[in-house]
Amino acid sequence: LYVFGIFPPTYTLTMQVDGGGSVSPAVGEYSHRSGVEISLNATPNTGYQFVSWSTSAGSIGNASRAQNQLTMPSSDAVVTARFRLLEFDARFENWDGELLTTVRVEHGSEPTPPEEPEREGYDFTGWNPPLAAVTADTTFVAEFEIRRYTVTFLDGTGEEMDIQTVEHGQMPIFPENRQMPIFPEN
């Protein structure tokens with residue numbers, strides 16, 4: 001017994017990804033008949049966003065929607081989901097809230113800070129939070145530590161009377177209850 005029939009031709013659907021993400025159907029080649037509706041789904045990896053679908057043939061609904069439909073054409077078709085890295089703002093502020101600069105940074109990258117800001121009587125100690133890879137808009141604030149000075153009081157003979165640590169802008173306190181030496185006149 002022989003059965004003869006005419007079978008409609010099938011065409012190759014090739015699924016591709018450009019950037020960080022995955023697709024359904026998965027990356028690869030599939031056979032479909034013309035006119036078949038194929039569900040498409042694009043899922044971005046962490047730090048990426050879906051941009052659009054493109055196709056070499058056939059029609060896709062709204063190409064900017066991650067969940068979509070493709071009507072298989074009467075030819076082979078290559079469908080590509082495009083993804084791009086997310087970008088974030090890294091703001092650098094001085095201790096007093098003054099904006100020093102804002103830089104645009106790709107997800108997972110560490111921003112380049114501006115030159116260390118200056119503050120009279122203080123030493124720059126770093127940024128809060130500490131510089132690290134960004135995964136969201138982030139504000140880094142300059143941190144400072146006040147300078148401290150050691151003041152040594154000596155009497156007229158060079159003997160040490162007192163030692164004090166004084167912060168920048170503060171006056172040392174002259175030692176109390178200390179007798180000043182009396183020097184004989186010549």
What I'd like to find out is whether the side chain of [X] reaches to under 4.5 Å of the side chain of [Y], using heavy atoms alone.
X	Y	result
V79	L70	yes
V141	W127	no
F140	P130	no
P113	L131	yes
L100	P117	yes
E159	L154	no
L40	M15	yes
V78	L13	no

Checklist entry - Can V103 and F92 be said to form a side chain to side chain contact (heavy atoms under 4.5 Å, CB included), step by step? => result CA-CA 8 Å; V103 294; F92 289 90; 4.0 Å; yes
Look up atom [atom1] in [X] and atom [atom2] in [Y], then write down how far apart they are to the nearest 0.5 Å.
X	Y	atom1	atom2	answer
M72	Y11	CE	OH	8.5 Å
Q16	W53	CD	CH2	11.5 Å
Q49	E87	CD	CD	9.0 Å
F50	N45	CZ	CG	13.5 Å
N41	R65	CG	CZ	10.5 Å
I38	Q69	CD1	CD	9.0 Å

Show the nearest heavy-atom pair for residues [X] and [Y], with the distance to one decimal.
X	Y	answer
S22	F83	O-CZ, 3.8 Å
F144	E118	CE2-C, 4.2 Å
V27	Y30	O-OH, 4.3 Å
T12	D76	N-OD1, 2.8 Å
Y48	G19	CE2-C, 4.3 Å
D123	R147	OD1-NE, 2.9 Å

Item to check | S34/S74 under side-chain hydrogen bond (donor to acceptor under 3.5 Å, both in side chains): CA gap, chis, key distance, verdict | outcome: CA-CA 5 Å; S34 174; S74 298; 2.8 Å; yes
Is it the case that the side chain of [X] and the backbone of [Y] share a donor-acceptor pair, with hydrogens and angles ignored and the cut-off at 3.5 Å?
X	Y	value
D96	E98	yes
R148	V166	no
S75	P73	no
S24	A26	no
N68	G61	yes

Item to check | Criterion side chain to side chain donor-acceptor pair (under 3.5 Å) against Y149, the qualifying member of H168, Q164, E167 | outcome: H168
Item to check | Donor on one side chain, acceptor on other, E145 and T125, under 3.5 Å | outcome: no
Checklist entry - Quick one: do the T138 and R91 side chains pair a donor with an acceptor below 3.5 Å? => result no
Checklist entry - For atom CZ of R84, is the number of surrounding heavy atoms from other residues, nucleotides or ligands below 6.0 Å larger than 12? => result no
Next on the checklist: If you count every heavy atom of other residues, nucleotides or ligands that lies below 6.0 Å from E115 atom CD, does the total exceed 12?
Outcome noted: no
Item to check | V134 and E110: CA distance, side-chain angles, deciding distance, side chain to side chain contact (heavy atoms under 4.5 Å, CB included) verdict | outcome: CA-CA 6 Å; V134 295; E110 185 174 306; over 6 Å; no
Item to check | Shared hydrophobic cluster for V151 and I173 (ILVMFWY, side-chain gaps under 4.5 Å) | outcome: no
Item to check | Joint hydrophobic cluster, F153 plus I163, side-chain heavy atoms closer than 4.5 Å | outcome: no
Next on the checklist: Quick one, H107 with F88, criterion side chain to side chain contact (heavy atoms under 4.5 Å, CB included). Give me CA distance, side-chain angles, the key distance, then yes/no.
Outcome noted: CA-CA 7 Å; H107 180 274; F88 301 103; 3.7 Å; yes
